[in-house]
A.B. asks: 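Here it is, the structure, as structure tokens.
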Amino acid sequence: MPGPLEGIRVVELGGVGPVPFAGMMLADAGAEVTAIVRPPTGAAADGMETATGGVLGRGRREVALNLKDPAGLEQALTMVAQAD
């Protein structure tokens, strides 16, 4: 059975606090949630420091973008323009 947010696209920018929890809840309700996170480096490359790592990551896909790079920023803005 589809969720009430089926067909809704959400772009989640990496954050702390309520952001990962809100993304998880939206994904649980059927939204297509894409989390934009920093590219992993060093110790963070284990996957647990990202939005989709761990318990709160269910139902989301993750795109690692460097928003300080013009190409990464352009890709993020394109994703946001296509989201609801």
Side-chain angles (χ1 to χ4, degrees):
M1 180 170 129
L5 298 181
E6 192 75 29
I8 301 293
R9 288 184 180 167
V10 176
V11 175
E12 172 190 325
L13 294 176
V16 295
V19 175
F21 186 70
M24 178 194 69
M25 290 179 56
L26 291 169
D28 287 349
E32 178 187 324
V33 179
T34 302
I36 297 177
V37 298
R38 293 180 182 163
T41 59
D46 66 1
M48 293 306 291
E49 297 293 323
T50 64
T52 59
V55 174
L56 298 178
R58 67 175 184 248
R60 289 184 285 208
R61 73 183 191 119
E62 181 179 285
V63 176
L65 296 175
N66 179 356
L67 298 181
K68 293 181 181 180
D69 177 44
L73 179 59
E74 183 63 33
Q75 187 175 354
L77 291 173
T78 299
M79 292 171 62
V80 169
Q82 296 172 352
D84 296 303

A.B. asks: Mind listing the closest non-hydrogen atom pair of Val33 and Gly23 along with its distance?
C.D. replies: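 Shortest heavy-atom contact: CG2-O, 3.8 Å.
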A.B. asks: Checking Ala83 now: which residues fulfil side-chain contact (heavy atoms from CB on, under 4.5 Å) with it, not counting sequence neighbours?
C.D. replies: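 Result, side-chain contact (heavy atoms from CB on, under 4.5 Å) vs Ala83: Arg9, Val11.
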A.B. asks: Taking all heavy atoms of Ala64 and all of Pro40, pick out the closest pair and write down the distance.
C.D. replies: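 Nearest heavy atoms, Ala64 then Pro40: CB-CD, 4.3 Å.
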A.B. asks: Going by side-chain contact (heavy atoms from CB on, under 4.5 Å), name the residues that satisfy it together with Ile8, two or more places apart in sequence or in a different chain.
C.D. replies: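 In terms of side-chain contact (heavy atoms from CB on, under 4.5 Å), with neighbours along the sequence ignored, Ile8 is linked to Leu5, Val10, Ala31, Asp84.
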A.B. asks: Considering only residues two or more places apart or on different chains, which pairs with a residue in residues 65-77 satisfy side chain to side chain donor-acceptor pair (under 3.5 Å)?
C.D. replies: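 Non-adjacent pairs meeting side chain to side chain donor-acceptor pair (under 3.5 Å): zero.
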A.B. asks: Linking directly or through intermediates, with side-chain heavy atoms under 4.5 Å: list the remaining ILVMFWY members grouped with Leu73, chain and number order.
C.D. replies: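 Joined to Leu73, directly or through intermediates: Leu77.
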A.B. asks: How close do Gly72 and Leu67 get, counting heavy atoms only, and between which atoms?
C.D. replies: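 Gly72 and Leu67 have their closest heavy atoms at O-CD2, 4.0 Å.
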A.B. asks: Could you tell me which residues satisfy side chain to side chain donor-acceptor pair (under 3.5 Å) with Asp28, sequence neighbours excluded, listed by chain and number?
C.D. replies: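 Per chain and number, Asp28 pairs via side chain to side chain donor-acceptor pair (under 3.5 Å) with Arg58.
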A.B. asks: With rounding to the nearest 0.5 angstrom, report the CD to CD distance, Glu6 to Glu32.
C.D. replies: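 It comes to 9.5 Å.
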A.B. asks: Surrounding CE of Met25 (heavy atoms of other residues, nucleotides or ligands, distance under 6.0 Å), is the total greater than 12?
C.D. replies: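 Not buried by this count: 12 neighbours or fewer within 6.0 Å.
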A.B. asks: Could you measure the distance from the CZ atom of Arg61 to the CD atom of Glu12? Nearest 0.5 Å is fine.
C.D. replies: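 Rounded to the nearest 0.5 Å, the CZ-CD separation comes to 12.5 Å.
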